[in-house]
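Remember, it's 1-based here, ligands and their atoms both numbered in the order they're listed.
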Amino acid sequence: MRTWDKYIRDWGLLIILSGPSGVGKDTVLAELEKMYPNFRRCVTTTTRKPRNGEVDGVDYTFISVDEFRARAERGEFLEYAHVHGNMYGTPAWVEDGLRDGVDFVLSVDVQGGIAIKKIVPSAVMIFLAPPSLEELENRLRGRCTESEDDVTKRLLNARRELDQIPHYEYLIENDSLAKTAEELKAVIIAEHCRIKQ
Ligand code: ADP
Ligand code: 5GP
């Protein structure tokens, strides 16, 4: 046993990625996976209906409102929240994965991010911001996955979410995709060198 071993992180990292709907969280994570495959994405649970092309168990675990309530009552979520009119929850098993030394990236809204940081204080909080609100709207509309009502709701929520940036530890602007993924990778690598408290 070396004297400095006690300062080396033995759990995996829990990386929380938040940012307004349409900013590019899923796209950036897909890009990161290509250049840095050493992490797992935590598949969360939602009552939202799947979008075209979304796969159950890959993008989300898609369940009914009744099933969501039952799982919440059984304590199967680390946190859950009402977001843009649907329920979303982080599975409690993610903590076991961390103990096994696996890094997890979790895309959750700001309420979820703040709640998880209280439960897992070592979680790394990263906020992804758009280059501008106009560009955010272009991306959200360009995705063509939400109704007009949903787009309006998500854009309204975006302003509130941007106000929560001070709760986060890192701010990355998603302008060029390659640069954004590089910055995310750099944060993860740096966090691995952080001295364990
Ligand atoms: P989120 O997961 O944050 O809701 P998405 O990953 O679905 O956002 O991205 C929303 C839209 O923005 C998608 O059409 C995606 O192709 C586009 N997008 C994401 N990142 C960029 C980027 N850096 N530059 C231009 N368009 C982007
Ligand atoms: P979308 O419907 O666009 O996939 O996701 C809407 C929002 O819900 C995004 O901000 C996403 O990060 C967030 N989200 C996804 N899963 C969870 C979760 O388990 N908990 C919380 N609090 N938010 C989540």
Side-chain angles (χ1 to χ4, degrees), residues 14-35 41-63 68 71-72 76-95 104-120 123 125-147 149-162 164-165 167-168 172-184:
L14 181 56
I15 296 130
I16 298 170
L17 185 67
S18 300
S21 179
V23 70
K25 298 179 294 296
D26 285 343
T27 309
V28 167
L29 289 180
E31 187 68 16
L32 180 67
E33 259 167 351
K34 289 187 220 155
M35 63 166 80
R41 290 181 68 172
C42 177
V43 179
T44 60
T45 305
T46 184
T47 60
R48 170 168 77 61
K49 298 279 166 284
R51 295 178 186 136
N52 258 347
E54 279 186 331
V55 178
D56 186 36
V58 175
D59 298 291
Y60 280 107
T61 302
F62 294 99
I63 59 173
F68 195 100
R71 290 191 190 188
E76 292 183 18
F77 296 124
L78 192 61
E79 66 72 46
Y80 59 92
H82 201 248
V83 190
H84 314 314
N86 295 295
M87 297 302 295
Y88 293 82
T90 304
W93 56 252
V94 73
E95 273 203 292
F104 278 98
V105 178
L106 186 54
S107 164
V108 291
D109 84 318
V110 290
Q111 323 166 56
I114 294 166
I116 291 170
K117 181 74 179 175
K118 286 186 185 144
I119 304 167
V120 183
M125 298 182 80
I126 305 175
F127 195 96
L128 197 62
S132 66
L133 286 175
E134 291 72 28
E135 175 62 12
L136 179 69
E137 182 165 355
N138 290 341
R139 288 184 190 174
L140 198 49
R141 291 191 188 285
R143 194 170 67 185
C144 300
T145 47
E146 270 78 29
S147 66
D149 269 6
D150 273 335
V151 169
T152 309
K153 202 185 292 173
R154 283 166 188 252
L155 288 174
L156 273 174
N157 287 342
R159 291 172 189 273
R160 278 203 292 271
E161 289 172 294
L162 288 159
Q164 302 301 316
I165 289 175
H167 290 283
Y168 282 71
I172 299 180
E173 186 178 315
N174 182 20
D175 35 22
S176 132
L177 187 56
K179 184 229 75 178
T180 305
E182 275 296 345
E183 288 183 355
L184 195 49

(message) Against N174, only a single residue in V28, L136, L184 fulfils side-chain contact (heavy atoms from CB on, under 4.5 Å); can you say which?
(response)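 Among V28, L136, L184, the one meeting side-chain contact (heavy atoms from CB on, under 4.5 Å) with N174 is V28.
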(request) Applying side-chain contact (heavy atoms from CB on, under 4.5 Å) between L106 and each of L78, L17, I116, report the one that passes. (result)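 The side-chain contact (heavy atoms from CB on, under 4.5 Å) with L106 is passed solely by I116 among L78, L17, I116.
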So which heavy atom in the protein is nearest [atom], and how far is it from that ligand atom?
atom: atom 7 (C) of ligand 2; result: V83 CG1, 3.8 Å
atom: atom 9 (C) of ligand 2; result: K25 CE, 4.1 Å
atom: atom 4 (O) of ligand 2; result: Y60 OH, 2.6 Å
atom: atom 13 (C) of ligand 2; result: D109 N, 3.6 Å
atom: atom 14 (N) of ligand 2; result: S107 O, 3.6 Å
atom: atom 3 (O) of ligand 2; result: R154 NH1, 2.7 Å
atom: atom 17 (C) of ligand 2; result: Y88 CB, 3.4 Å
atom: atom 16 (N) of ligand 2; result: T44 OG1, 2.8 Å

(message) Give me the atom names and distance for the closest heavy-atom approach of P20 to L128.
(response)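 Heavy atoms of P20 and L128 come nearest at CD-O, 3.6 Å.
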(message) With no hydrogens and no angle check, just 3.5 Å: does a side-chain donor-acceptor pair link N157 and R154?
(response)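 Checked: N157/R154 side chains show no N/O donor-acceptor pair below 3.5 Å.
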(message) Could you tell me if N86 and T46 have a donor-acceptor pair between their side chains, going purely by distance under 3.5 Å?
(response)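 No, no side-chain donor-acceptor contact under 3.5 Å.
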With atoms numbered from 1 as shown, which atoms in ligand 2 lie under 4.0 angstrom from a non-hydrogen atom of [X]?
X: G89; value: 18 (C), 19 (O)
X: H84; value: 6 (C)
X: A81; value: 22 (N)
X: G112; value: 22 (N)
X: T90; value: 18 (C), 19 (O), 20 (N)
X: E79; value: 18 (C), 19 (O), 20 (N), 21 (C), 22 (N)

Any side-chain heavy-atom pair from [X] and [Y] closer than 4.5 angstrom?
X: R71; Y: M87; answer: no
X: L162; Y: L133; answer: yes
X: T180; Y: L32; answer: no

(request) Please verify whether a non-hydrogen atom of Y80 lies at under 4.0 Å from ligand 2. (result)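 Judged by the 4.0 Å heavy-atom criterion, Y80 does not count as contacting ligand 2.
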(request) Give a yes/no verdict on whether any heavy atom in Q111 is under 4.0 Å from an atom of ligand 2. (result)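 Checking ligand 2 against Q111, which is what was asked, there is no heavy-atom contact under 4.0 Å.
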(request) Mind jotting down which protein residues get a heavy-atom contact under 4.0 Å with ligand 1? Chain and number order, please. (result)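 Within the 4.0 Å shell of ligand 1, which is judged on heavy atoms, sit P20, S21, G22, V23, G24, K25, D26, T27, R139, R143, N174, D175, L177.
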(message) Could you measure the distance from the CZ atom of F68 to the NE2 atom of H82? Nearest 0.5 Å is fine.
(response)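 Those atoms lie 9.5 Å apart.
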(request) Answer yes or no: does an N/O atom from R48 fall short of 3.5 Å to an N/O atom of ligand 2? (result)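 N/O-N/O distance under 3.5 Å: yes.
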(message) Between ligand 2 and R51, is the shortest N or O to N or O distance under 3.5 Å?
(response)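 Checking ligand 2 against R51, an N or O pair does fall under 3.5 Å apart.
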